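Worksheet: one structure, shown below.
Only a predicted model underlies this, so the values are computations on that prediction, with no experimental measurement involved. For ligands, and for the atoms within them, numbers begin at 1 and follow the listed sequence.
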Amino acid sequence: MINKITSLAEYFQKYQESVADPEGFWGKIAESHHWHKKWDRVVDWRFSGPGAPDVKWFVNGKLNITENIFERNMFLRKNQVAIIWEPNDPKEPVIKLTYGELFDKVKQFANGLLKLGVKRGDRVAIYLPMVPELAIAMLACARIGAIHSIVFAGFSATALADRVNDATSNVVITSDGGYRGTKSIPLKGIVDEAVAKCPSVKNVIVLKHTNEEINFVNGRDVWWHDLINGVSTENIAEVMDAEDILFILYTSGSTGKPKGVVHTTAGYMVYAEYTFKNVFQYSDGDIFWCTADIGWVTGHSYIVYGPLLTGATTIMFEGVPTWPDAGRFWETIDKHKVTQFYTAPTAIRALMAQGDNWVSNHNLSSLKVLGTVGEPINEEAWRWYHALVGKGKCPIVDTWWQTETGGIMITPLAGITPTKPSLATLPLPGVQPILVDPEGKELKGNGVEGILCIKFPWPGMLRTTYGDHPRCFQTYFSAFPNLYLTGDGAKRDEEGYYRIIGRIDDVINVSGHRIGTAEVEDAINQHPKVIESAVVGYPHDIKGSGIYAYVICEDLTDAELKTIENEIRETVNKFIGAIAKPDKIQIVSGLPKTRSGKIMRRILRKIGEGDATNLGDTSTLLDPGVVDEIIDGAKVAVKR
Ligand code: PRX
């Protein structure tokens with residue numbers, strides 16, 4: 001069992017210990033896990049030099065993460081509920097799976113995968129709605145040493161195909177469909193379209209969920225229920241190396257296609273459990289609810305791995321916060337007596353806008369801890385969450401982290417670290433943040449603002465980007481020697497508390513989702529009438545940032561002008577998915593470019609923010625006239 005930090009003094013003491021002797025610190029924590037063979041060294045690392053980054057934790061250790069969830073917890077928790085599944089429709093029955101039941105389902109499905117010929121090291125793509133089988137599928141992969149690559153089931157067929165091809169997955173696991181409020185999404189149809197472009201895929205496993213009709217491809221498609229029919233629930237876990245890949249998760253960056261962030265077995269395991277237990281101060285009997293989708297890293301680490309390694313009871317929610325009504329979150333907290341609730345600022349803002357009654361009508365007295373993740377939380381939303389949802393008695397943990405970090409990095413410890421609205425506060429033990437200026441010079445002391453980097457490895461960090469190690473170095477380790485670049489700007493206040501300001505690169509944080517501007521531009525440019533486009537973020541009341549696209553088109557007739565915006569949105573929907581659809585589209589005749597042809601996004605950002613009075617230095621512009629035209633047009637676009 002990992003011990004929890006219980007006081008601020010202990011936090012500071014542990015922090016010091018973790019910096020002075022990282023190997024001793026993490027080695028002691030990992031002692032509580034089940035190993036087939038212990039490690040030779042706790043950490044071996046290099047952020048620079050040939051082949052960098054080269055980071056290994058628990059070197060030569062042998063283990064299986066599912067044994068640390070199941071066999072390790074079984075004696076105490078066989079009959080304890082592991083997963084509570086709350087369906088899309090609150091009138092439908094809830095499913096509760098105990099650790100014993102979940103274990104049997106994982107082993108049986110693992111045997112099913114083996115029967116299908118899935119082997120250790122194979123990449124299995126998972127494209128499922130938020131149903132218990134999603135957790136079962138990922139854990140079954142981990143059980144047999146296959147690598148899961150979960151793709152959020154809101155991505156389009158093209159986006160799914162890109163990810164399946166990048167990882168050369170041989171199996172895709174999906175369902176007939178998935179629900180989102182009143183909508184039913186034909187997931188199998190999307191998979192069929194994607195897989196037509198994926199030569200590596202041999203089998204598609206289909207879960208019956210919505211019972212809608214699907215196109216079944218004989219020889220390729222296998223029903224989930226047929227695969228496990230009569231299959232044994234006995235399964236011996238594959239013994240993995242500490243550094244074997246556990247999963248790939250694709251995320252957007254400022255350039256090119258999404259990259260497959262690679263997490264390995266032991267370091268991720270230790271980090272997910274340690275952070276879950278400490279940040280949320282989870283105690284036996286608590287009911288933890290993280291509202292994220294498992295298609296994102298938050299769901300990987302804090303719906304599945306962190307809670308289940310801890311032996312917690314974790315909720316999986318299939319629905320949306322506003323259906324059947326805007327009280328769904330609060331009703332569900334009351335229904336399941338949730339003690340820790342973890343969500344995104346965008347959801348808080350959206351629900352805040354619906355009025356206080358939706359919250360006040362429900363009994364939220366079970367709540368002990370509130371959490372936020374994914375984007376900066378504005379002070380108004382923080383105060384509303386604290387006063388109305390937490391009744392002023394629940395600490396808020398504003399947790400800063402990334403797909404690449406594997407787990408929470410900068411955060412208060414619930415009830416231990418004194419909080420301030422909108423501040424992520426202090427680094428967890430083992431996390432060594434540093435702020436630098438654009439030249440890479442360290443900004444020492446407090447009361448400074450700069451680029452947030454991390455100077456020492458932590459067990460949950462990414463190891464590579466799948467299939468392209470140089471890209472990993474280029475993206476995260478090349479800007480400043482020997483530092484991991486987060487891509488975020490941050491402020492360290494007078495007390496040493498961190499406030500995350502936001503991305504410093506061409507990544508937009510839309511409703512807590514990371515969207516690369518280049519990716520959206522690539523999608524927009526697929527429209528036959530589009531010549532060029534430039535995408536920036538702009539402040540949005542609910543989403544945090546909205547997507548603003550400036551688009552140059554071929555000559556358009558009046559009729560075409562009327563439909564082009566919707567067509568562009570549909571094009572983005574087709575190539576990426578609904579989450580990346582631009583909120584505002586402005587058709588322009590030119591873009592502000594420097595003489596060397598580079599788009600000056602700074603200017604477009606300013607115009608998008610509605611702050612065109614102060615555009616800074618525009619002397620390098622090739623054609624300054626373009627800017628005036630865009631400003632005029634923006635007034636129209638903004639009004640719309
Ligand atoms: O900009 C930061 C923002 O989300 C980015 C990471 O996005 P992603 O990899 O999708 O992971 C999101 C969930 C872990 C960061 O670079 N971000 C995340 N948490 C916070 C945040 N910004 C401010 N405050 C946070 N608590």
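Both the backbone and the side chain of Gln402 come within 4.0 Å of ligand 1, counting heavy atoms alone. Of all the heavy atoms of Thr399, the ones lying under 4.0 Å from any atom of ligand 1 belong exclusively to the backbone.
Remark: ligand 1 and Asp398 share an N or O pair separated by less than 3.5 Å (distance only, no angle test). Considering backbone and side-chain N/O of Thr372, none are found under 3.5 Å from N/O of ligand 1.
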Sequence neighbours excluded and cut-off under 3.5 Å, please list the side-chain donor-acceptor pairs for residues 409-424, or say none.
from, atom 1, to, atom 2, distance (Å)
Thr417, OG1, Leu413, N, 2.8
Lys420, NZ, Asp493, OD2, 2.6
Lys420, NZ, Glu495, OE1, 2.7
Ser422, OG, Ile377, O, 2.8
Ser422, OG, Glu379, N, 3.3

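Each of the atoms 8 (P), 9 (O), 10 (O), 11 (O) of ligand 1 lies under 4.0 Å from some heavy atom of Thr403. Atoms of ligand 1 lying under 4.0 Å from any heavy atom of Val373, numbered from 1 in the order shown and given with element: 13 (C), 14 (C). Here is the list of ligand 1 atoms found below 4.0 Å of a heavy atom in Trp401: 6 (C), 14 (C), 15 (C), 18 (C), 19 (N). Listed by number with element, the atoms of ligand 1 under 4.0 angstrom from any heavy atom of Asp488 are 1 (O), 2 (C), 15 (C), 16 (O).
A distance below 6.0 Å separates the ring centres of Tyr274 and Trp26. Between Phe288 and Phe276, the distance separating the two ring centers is shorter than 6.0 angstrom. Between Trp401 and Tyr271, a ring centre-to-centre spacing not shorter than 6.0 Å is recorded.
Every side chain to side chain contact (heavy atoms under 4.5 Å, CB included) that Gln474 has, sequence neighbours left out, goes to Ser478.
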Would you please test Thr425 and Asp398 for side-chain contact (heavy atoms from CB on, under 4.5 Å) and show each step? CA-CA 8 Å; Thr425 75; Asp398 175 355; over 6 Å; no
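By the 4.0 Å heavy-atom criterion, Gly374 is counted among the residues contacting ligand 1.
The nearest heavy-atom contact from the protein to atom 10 (O) of ligand 1 is Arg514 CD, 3.5 Å. For atom 13 (C) of ligand 1, the nearest protein heavy atom (residue, atom name, distance) is Thr298 OG1, 3.4 Å.
Closest heavy-atom approach to atom 25 (C) of ligand 1 among the candidates Glu404, His300, Glu375: Glu375.
Classification of Lys257 and Asp162 as a salt-bridged pair holds, one side-chain N sitting under 4.0 Å from a carboxylate O.
Between His148 and Tyr305, the ring planes are parallel. Angles under 30° get that label, and only those over 60° would be called perpendicular.
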